[in-house]
Amino acid sequence: MRASEGWLVAAAVPLLCLLPVLWYVVRGEPRTRLVAQNLAQLLAAFVLLLSAQGFNRPTYLDLALVLAVLAPAGTLVYARFLGGLPPARIVRWTALAGVPAAVVPLCVAAGPGRQTVKLLVIGALLLAGALVTSAGSQPVTEPDAPSGAPEPPGGDEAAARD
Amino acid sequence: MTLLPYLVAGWIFLIGLYGLVTSRNMIHAVGCLSVTQSSTYVLLLAIGYRDGGTAPVYADAPTDARVVDPVVQALTLTDIVVGATVTALLLALIIQLHKRHGTLDPDELSELKG
Amino acid sequence: MTDVLIAVALFLVAATATAAVLNREPLRQALVLSFLGLALTLLFTFVQAPDVALSQLAVGSAVTPLMIVLTVGKVRRGSTSREHSIDDDDDDGGEGDVGDAGDAGEEAR
Amino acid sequence: MTRQSRLWFFLAAATVVAVLLVAAFLALPHFGGGFHPYGDRSVRAALAHRTANAVAAVNFDQRALDTLGEETILFAAVLGAVVLLRQIPGERQEAPRPAQVPAAVRRLGVLLLPVALLVGMYVVAHGQVTPGGGFQGGIVVATALHLLYVAVDYRALERIRPLALYEVGDVAGEAAYIVTGIAAMLAGSAFLANVLPWGTLGTLTSGGTVVVLNAAVGMEVACGVVVLLAMFLDQAVRIEESPGNSAATQGRTGK
């Protein structure tokens with residue numbers, strides 16, 4: 001199996017971003033730590049997505065899929081025990097910018113087929129998870145909601161929480 | 001690069017043991033134990049790696065692909081699941097310990113015993 | 001390039017493991033442990049062990065930290081929470097609550 | 001032994017261990033080297049049995065007996081946790097309070113729960129073809145159910161989690177593994193031998209008994225982890241030591 005260097009270089013970018021995030025997980029205040037943990041899961045998902053393409057192994061995408069499914073659960077559990085989810089603009093913008101930036105080129109590279117569907121599902125799950133867990137008390141709109149997803153996480157209740 | 005993964009595994013092992021020895025909270029000690037366990041995963045997988053190899057999963061690879069060692073991967077898989085159950089059992093014991101003695105400091109606990 | 005990725009992931013794992021050991025407050029350590037789970041997952045992916053990465057992802061970043069958090073919750077509930085008078089405020093902003101967790105952290109040290 | 005002396009004792013021992021470890025590492029085959037005699041043989045054996053995922057082949061075919069041992073460890077650990085974390089005299093159960101969860105989180109949980117269950121089952125079912133298998137998929141399924149706890153509350157989780165059923169599932173998974181092994185003996189082969197037709201490489205039914213054992217392990221792990229987490233959750237959320245000003249924690253975490 002030939003590895004594609006370009007994709008692996010791209011995967012190195014979110015991987016390197018994890019280093020400063022680690023600092024915040026370790027040394028930040030309780031709220032910062034929770035946000036950093038959430039961000040780390042998002043960045044790790046990007047690494048997994050890009051490296052699956054880099055290693056030319058579509059089956060590695062299962063990892064990103066499982067992470068996308070489990071990440072919100074983990075964050076919400078901590079939110080429960082550490083008391084509340086702080087709003088996190090950085091997670092939100094990383095998701096809004098990073099998910100399309102990673103998923104769209106991957107879809108183009110994969111061409112139409114099962115792999116593209118999987119990529120889109122992963123992207124939608126990541127986006128939904130990150131947007132909800134990063135919402136905090138800010139109203140949230142979901143730009144490209146996945147088909148079959150319920151209505152975008154409502155701003156009404158979120159606004160009511162202010 | 002030829003030695004780095006092994007050295008990292010050794011470092012994780014020793015730092016985990018350091019945490020276990022100096023721990024003043026049993027829950028923290030269990031966390032350190034799971035760190036120590038992760039050194040075995042790193043070591044096993046490092047031994048099984050092959051330059052330019054790919055995963056021994058032939059769903060999307062030709063059967064003559066250059067693959068890494070599946071045996072150590074299977075061992076590590078087992079290792080991880082057993083590690084999680086050990087953690088669970090130890091944490092259950094810790095809950096009991098705290099119910100009985102009201103403390104989680106290993107030093108205080110050993111004083112209680114004596 | 002794979003070697004570079006493996007080296008970075010190894011560094012990340014070593015740093016996270018050290019941090020997990022040196023964080024002596026269990027709740028804080030649980031967060032670092034779930035980060036360690038992620039770092040190990042990435043490392044295992046780079047050494048072409050997706051099976052192992054998958055189980056590390058499920059166990060290391062979800063189940064183990066969850067059990068630690070629950071144990072801490074139980075232990076706190078059994079002892080410190082009784083002394084802690086918890087203000088029954090109804091606002092959702094975790095401000096006071098996060099502070100509480102932090103205080104409890106100070107106590108534990 | 002004082003704390004100080006213990007630390008010095010450890011440092012001395014750690015230095016020795018470190019030296020020995022480095023010496024051992026120097027003698028190990030180099031990282032990334034090409035010498036993997038066991039790996040090569042087991043890959044050949046996996047392909048001979050038409051199992052695309054060689055790791056699953058090692059776990060459920062070539063080393064199936066060892067995996068039985070491991071499964072039994074898991075089973076024993078669950079049993080141990082159930083015994084250790086049962087409600088003891090002097091403790092009482094506390095009705096968990098309903099939690100107030102932001103609507104967005106609730107919707108996310110309701111959306112993710114079926115997706116996560118599906119992903120978990122997909123990982124179990126494709127264990128012999130793609131990365132994954134009973135262990136990983138089982139844990140994903142078990143974690144997925146707990147989305148209901150974080151997205152709604154503990155009472156909602158309890159409604160879909162009749163513990164007795166999961167305990168039976170745990171036993172059934174373990175039993176199915178052993179029965180498969182004995183069935184192989186009845187078919188005139190060795191315990192846990194791969195006697196079923198192997199099928200074609202890369203299809204869902206390939207691998208013979210690997211498929212069956214994979215499903216059995218998936219069931220046991222999923223049910224076992226659910227029971228395990230239920231014991232911890234009961235301790236953290238439900239069981240109180242004695243009458244006191246409880247429910248505060250639950251009320252607090254319920255937000």
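By convention in this document, chain letters (A, B, ...) are assigned in the order of the sequence lines, proteins followed by strands, and residues within each chain are numbered from 1.
- Taking every heavy atom of both residues into account, A:Leu61 and A:Ala52 meet most closely at CD2-CB, 3.9 Å.
- Looking at C:Ala30, the atoms closer than 4.5 Å to chain A (heavy atoms on both sides) sit in the backbone and in the side chain alike.
- Using a 4.5 Å cut-off between heavy atoms, C:Phe11 touches chain A through its side chain atoms alone.
- For A:Val77, the part lying under 4.5 angstrom from a heavy atom of chain C is the side chain only.
- For chain C, the option among A:Thr59, A:Asp62, A:Leu16, A:Leu19 with the highest count of heavy-atom pairs below 4.5 Å is A:Leu19.
- A donor-acceptor pair under 3.5 Å is absent between the side-chain atoms of C:Gln29 and the main chain of C:Arg24, judged by distance alone.
- A 4.5 Å side-chain heavy-atom check between A:Leu39 and A:Tyr24 finds every atom pair outside the cut-off.
- Put simply, the side chain of A:Val26 does not reach to within 4.5 Å of the side chain of C:Thr16, judged on heavy atoms.
- Judged by distance alone, the side chains of C:Ser34 and A:Gln37 do bring a donor and an acceptor atom under 3.5 Å apart.
- Heavy-atom distances place both the backbone and the side chain of C:Ala15 under 4.5 Å from chain A.
- The residue from A:Pro105, A:Cys107, A:Pro100 that alone fulfils the side-chain contact (heavy atoms from CB on, under 4.5 Å) condition with A:Val103 is A:Cys107.
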**Prompt:** What do the steps show when you test C:Phe46 against A:Leu15 for side chain to side chain contact (heavy atoms under 4.5 Å, CB included), and what is the final call?
**Reply:** CA-CA 11 Å; C:Phe46 297 151; A:Leu15 181 64; 3.8 Å; yes
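- Of all the listed residues (C:Leu70, C:Val32, C:Val8, C:Leu57), the one sharing the greatest number of non-hydrogen pairs under 4.5 Å with chain A is C:Leu57.
- Heavy atoms of C:Leu31 lying under 4.5 Å from chain A belong to its backbone as well as its side chain.
- Contact annotation for A:Ala73: neither backbone nor side-chain heavy atoms come within less than 4.5 Å of a heavy atom of chain C.
- Only the side chain of A:Leu70 comes within less than 4.5 Å of a heavy atom of chain C; its backbone N, CA, C and O stay farther away.
- There is no contact between A:Leu43 and chain C, counting heavy-atom distances below 4.5 Å.
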